[in-house]
Amino acid sequence: MRVEIWSDITCPWCYIGKARFEQGLAAFAHRDEVEIVHRSFELDPKAPKETVPTLEMLARKFGRTLDEARAMQDHVAGTARAEGLEYRTEGRVNGSTFDIHRMLHFAAAHGRRDALLDLAYRANFAEERSVFDDDTLVALAVEAGLDEAAAREVLADGEAYAAEVRADEREAAELGANAVPFFVLDRRYGISGGQPAEVFTQALEQAWQGRQVLAPAAPEGEACEPDGACAVPQS
């Protein structure tokens, strides 16, 4: 069975959803027969290369004060930590993720995409490292087991793996994905949002049994939408 996951590196629910999906997969009896394919989705394709502080971006986008934006992030941080994930509220930046997605496709070509994705999430949400800095992105690629010179060549050539990123995004649109994370099981079962682990286990079991499902088995989970809006748990 194939599971395709559309996500963006700046989406906190993609970070949390990946951890929850992996927990759900671990409880699935046929987990060794599941192929995972990560796909690209830019929440803001028009974002500039230059970065801005994440809290400032959120405050400006939603007409909130910095304290209100910080409180929103603190809610998400609490959810992430409940899943065993580190999450920094302060000090993060936001910008175009196109180069990151290109590098992830480069990693996929060498069988290292999942490793690089985990490192990029950790750098973005848990560490004092900016995934939008070319040197940092190359360093992460090397940590993931990729060749440094080849990684730098990919970043230097703006069209390297660009077609693959755009193809993923077109496919997401064709499938009706308007928020991430978005999970597709064997192209017949779609799940939106960072659902609880048990929902993913149930979905895997249902898809394995070959049932035709016309709608998700649960309400949509927390997700990030293309305008940058990310649902936050209520206090």
Within the side chain of Gln209, is there an N or O that forms a donor-acceptor pair under 3.5 Å with the backbone of Gln206?
no
Is there a donor-acceptor pair closer than 3.5 Å between any side-chain N or O of Thr97 and the backbone N or O of Ile100?
no
Using salt bridge (Lys or Arg N to Asp or Glu O under 4.0 Å) as the criterion, list what pairs up with Lys46, not counting sequence neighbours.
none
Between Phe21 and Phe183, does the ring centroid distance fall short of 6.0 Å?
yes
Decide, yes or no, whether a salt bridge links Glu159 with Arg166 under the criterion of side-chain N to carboxylate O below 4.0 Å.
yes
Salt bridge (Lys or Arg N to Asp or Glu O under 4.0 Å), that's the test. Do Lys49 and Asp134 meet it? Break it down for me.
CA-CA 11 Å; Lys49 176 75 172 176; Asp134 285 355; 3.2 Å; yes
Is any NZ, NE, NH1 or NH2 atom of the basic residue among Glu143 and Arg122 found under 4.0 Å from an Asp or Glu carboxylate oxygen of the other?
yes
Under the salt bridge (Lys or Arg N to Asp or Glu O under 4.0 Å) criterion, do Lys18 and Glu83 qualify, and how do the steps go?
CA-CA 10 Å; Lys18 185 176 188 295; Glu83 300 295 338; over 6 Å; no
Using a 3.5 Å distance criterion without hydrogens, assess whether the side chain of Arg20 forms a donor-acceptor pair with backbone atoms of Gly194.
yes
Do Val52 and Leu58 share a hydrophobic cluster, counting only Ile, Leu, Val, Met, Phe, Trp and Tyr and linking them when any side-chain heavy atoms are less than 4.5 Å apart?
yes
Any idea which heavy atoms bring Phe106 and Ala150 closest together, and the distance?
CZ-CB, 3.8 Å
Tell me whether Leu140 shares a hydrophobic cluster with Val165, the cluster being built from Ile, Leu, Val, Met, Phe, Trp, Tyr side chains joined at under 4.5 Å.
no
Donor-acceptor check, side chain of Arg102 to backbone of Asp157, threshold 3.5 angstrom: yes or no?
yes
Glu86 atom CD: more than 12 heavy-atom contacts under 6.0 Å:
no
Side chains of Gln23 and Glu198: is there a donor and an acceptor less than 3.5 Å apart?
no
Main chain of Glu42, side chain of Glu169: is a donor-acceptor contact present, judged purely on distance under 3.5 Å?
yes
Can you list the steps and then say if Arg152 with Glu148 is a salt bridge (Lys or Arg N to Asp or Glu O under 4.0 Å)?
CA-CA 6 Å; Arg152 288 194 182 279; Glu148 179 177 354; 3.5 Å; yes
What is the distance from atom CE of Met72 to atom OG1 of Thr89, rounded to the nearest 0.5 Å?
11.5 Å
Distance in Å, Glu164 CD paired with Arg39 CZ, rounded so as to fall on 0.5 Å steps
11.0 Å
Does a side chain donor of either His101 or Asp8 reach within less than 3.5 Å of an acceptor in the other side chain?
yes
Worked verdict on Val154 versus Asp99 for side chain to side chain contact (heavy atoms under 4.5 Å, CB included):
CA-CA 9 Å; Val154 169; Asp99 283 347; over 6 Å; no
Quick one: do the His105 and Ser40 side chains pair a donor with an acceptor below 3.5 Å?
yes
Phe132: ring-ring contact (aromatic ring centres under 6.0 Å, His included) partners, not counting sequence neighbours
none
Mind checking whether Leu55 and Val93 sit in one hydrophobic cluster, side chains of I, L, V, M, F, W, Y counted as touching below 4.5 Å?
no
Salt-bridge present (Asp118, Arg113; N to O < 4.0 Å):
no
Cluster question for you: counting only ILVMFWY and a side-chain heavy-atom cut-off of under 4.5 Å, with indirect links fine, are Trp6 and Phe98 together?
no
Plane angle bin for Phe28 and His30 - parallel if under 30°, tilted between 30 and 60°, otherwise perpendicular:
perpendicular
Donor-acceptor contact below 3.5 Å, side chain Arg2 vs main chain Glu35
no
Keeping the roles fixed (side chain from Arg92, backbone from Thr54), state whether a donor-acceptor pair exists under 3.5 Å.
no
Side chain to side chain contact (heavy atoms under 4.5 Å, CB included) between Cys11 and Leu43, worked out
CA-CA 8 Å; Cys11 165; Leu43 285 170; 3.8 Å; yes
How about Arg88 and Gln73: does a side-chain donor come under 3.5 Å of a side-chain acceptor?
no
